[in-house]
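FYI, side chains are in, hydrogens and waters are out, and symmetry mates aren't considered; it's all heavy atoms of this structure.
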Amino acid sequence: MKRWGLIFTFFLFLLPGCSGNDVNGQQKISYDYPPPVDGLSWGMSETEVMDHFRLTEQEITWQEYEGANLFGDKNDGTYRFFVLNDPLEFLEEDVSATFIFYQEIGLEEILLTFHDCSEQNIEVNVPLKLQEKYESSWGTDVLQLEDAHKKNLKEYLLANGMPKDAVEWMFEEKDYSRHPLVSYEMDTNPNSQTYGTVAFHGYLAAMLEHALEPD
């Protein structure tokens, strides 16, 4: 099954956040929705993810593409990804996993494609399991962060080229959430090349993790 359509799609309004862990498994900051793969955290480097799975460069086929700049610069950003050869378990089912990295922030997206692509499973069973596991398809908004964390994230975004007006708009007080740290969505369109794939987007969470790293 082809599943590359979602890889080339950029979603401005992402969904939920999570509890981030550093490479030693120590919590760095708390927010909704960690990566759906145990032992990983948003913002991990390619090497850290490879080490987690005990992979070498010879065991990975990297692919690269140019896409939307996550910091809002007019120039494209560079993404790299690989597909894990061995299946993983998610929601008590076997899935194929794709790990996507953005140049400055590391791990920022994970695609999980279910092996059981029957209509009953993809359009009924899995959506119900997702609803049971996650409160919604998106979690912690940037406005829900502690003031100190907001300040760090603002400074990080500005330092990496995000326009000042875009940063101010992201953090302006609103009646509804608009910029969740992590989100997920599932492709249930039977005519889609990515049918049966759940995409977890965590680029704001990855940025936050890097913003809180000690100098």
Side-chain angles (χ1 to χ4, degrees), residues 6-24 26-35 40-52 62-82 98-111 138-174 177-185 199-215:
L6 282 176
I7 293 176
F8 301 96
T9 303
F10 171 71
F11 300 93
L12 178 59
F13 305 117
L14 297 181
L15 304 157
C18 58
S19 297
N21 294 320
D22 65 17
V23 68
N24 297 315
Q26 298 176 334
Q27 182 170 305
K28 297 169 64 176
I29 181 174
S30 179
Y31 50 89
D32 296 338
Y33 306 1
L40 301 185
S41 61
W42 299 114
M44 270 186 163
S45 68
E46 296 174 358
T47 300
E48 288 172 330
V49 174
M50 290 169 54
D51 289 346
H52 173 75
W62 286 101
Q63 298 189 57
E64 184 174 304
Y65 66 97
E66 299 295 311
N69 189 302
L70 295 183
F71 292 101
D73 188 275
K74 63 180 179 180
N75 297 315
D76 287 343
T78 301
Y79 298 77
R80 275 165 50 95
F81 66 91
F82 74 90
T98 301
F99 300 93
I100 304 175
F101 302 80
Y102 186 70
Q103 47 195 359
E104 286 91 356
I105 63 174
L107 180 64
E108 60 91 20
E109 186 173 353
I110 297 175
L111 308 180
W138 59 274
T140 306
D141 189 271
V142 295
L143 295 181
Q144 297 171 309
L145 295 171
E146 298 177 7
D147 288 344
H149 293 157
K150 288 182 186 177
K151 179 176 181 294
N152 287 353
L153 181 55
K154 287 180 184 178
E155 292 175 349
Y156 179 80
L157 295 174
L158 290 169
N160 282 275
M162 182 172 285
K164 184 177 180 181
D165 57 348
V167 175
E168 292 176 347
W169 175 69
M170 181 182 295
F171 287 92
E172 70 182 13
E173 293 297 329
K174 315 173 187 71
S177 297
R178 189 183 294 168
H179 298 286
L181 297 173
V182 185
S183 68
Y184 76 82
E185 60 190 347
F200 283 84
H201 310 279
Y203 83 83
L204 279 178
M207 291 176 179
L208 178 61
E209 295 288 357
H210 285 284
L212 299 179
E213 289 178 343
D215 295 331

Is E146 atom CD crowded by more than 12 heavy atoms from other residues, nucleotides or ligands, each under 6.0 Å away?
no

How far apart are the closest heavy atoms of N69 and D76, and which atoms are they?
ND2-O, 4.2 Å

Output for pair (E64 CD, E66 CD), nearest 0.5 Å, gives 6.0 Å

Students often mix this up, so state it plainly: with edges at 30° and 60°, are the rings of F200 and Y184 parallel, tilted or perpendicular?
tilted

What distance separates L181 CG from D141 CG, expressed to the nearest 0.5 Å?
7.0 Å

E155 vs N152, test: side chain to side chain contact (heavy atoms under 4.5 Å, CB included). Steps then yes/no.
CA-CA 5 Å; E155 292 175 349; N152 287 353; 4.3 Å; yes

Geometric class of the W169/H179 ring pair [parallel <30°, tilted 30-60°, perpendicular >60°]:
perpendicular

To the nearest 0.5 Å, atom CD1 of I100 lies from atom OH of Y203 at 14.0 Å

Apply the test side chain to side chain contact (heavy atoms under 4.5 Å, CB included) to residues K154 and L157: give CA-CA distance (whole Å), side-chain angles for both, the deciding distance (0.1 Å), then the verdict.
CA-CA 5 Å; K154 287 180 184 178; L157 295 174; 5.8 Å; no

Pairwise side-chain contact, F171 with L153, heavy-atom cut-off 4.5 Å (strictly under)
yes

Which distance, rounded to the nearest 0.5 Å, do you find between the CG of D73 and the CE of M162?
10.5 Å

Any chance you could measure E46, atom CD, to Q103, atom CD, to the nearest 0.5 Å?
11.0 Å

Scanning both residues in full, the closest heavy-atom pair of L107 with A206 reads O-CB, 3.6 Å

Testing the basics here: between A199 and E109, what is the closest heavy-atom pair and its distance to 0.1 Å?
CB-OE2, 4.1 Å

Main-chain N/O of V142 paired to K150 side chain as donor or acceptor, under 3.5 Å:
no

Heavy-atom nearest pair, L158 first then K164, reads CD2-CA, 3.7 Å

Do you know which two heavy atoms are closest between F71 and P163, and how far apart they sit?
O-CD, 3.7 Å

Would you name the heavy atoms of M44 and E48 that are closest together and state the gap between them?
CA-OE1, 3.3 Å

H210 (side chain) donor-acceptor with G43 (main chain) under 3.5 angstrom:
yes

Output yes when a side-chain donor or acceptor of Y102 lies under 3.5 Å from a complementary backbone atom of L70, and no otherwise.
yes

Please check if any side-chain donor atom of Y156 sits under 3.5 Å from a side-chain acceptor atom of E104, or the reverse.
no

W62 and ring pair (Phe, Tyr, Trp, His ring centres under 6.0 Å): which single residue from F101, Y79, F99 fits?
F101

Just how far is it from atom CG of N160 to atom CD1 of I105, taken to the nearest 0.5 Å?
9.0 Å

Determine whether D51 and T47 satisfy the following criterion, side chain to side chain contact (heavy atoms under 4.5 Å, CB included), listing intermediate values before the conclusion.
CA-CA 6 Å; D51 289 346; T47 300; 3.7 Å; yes

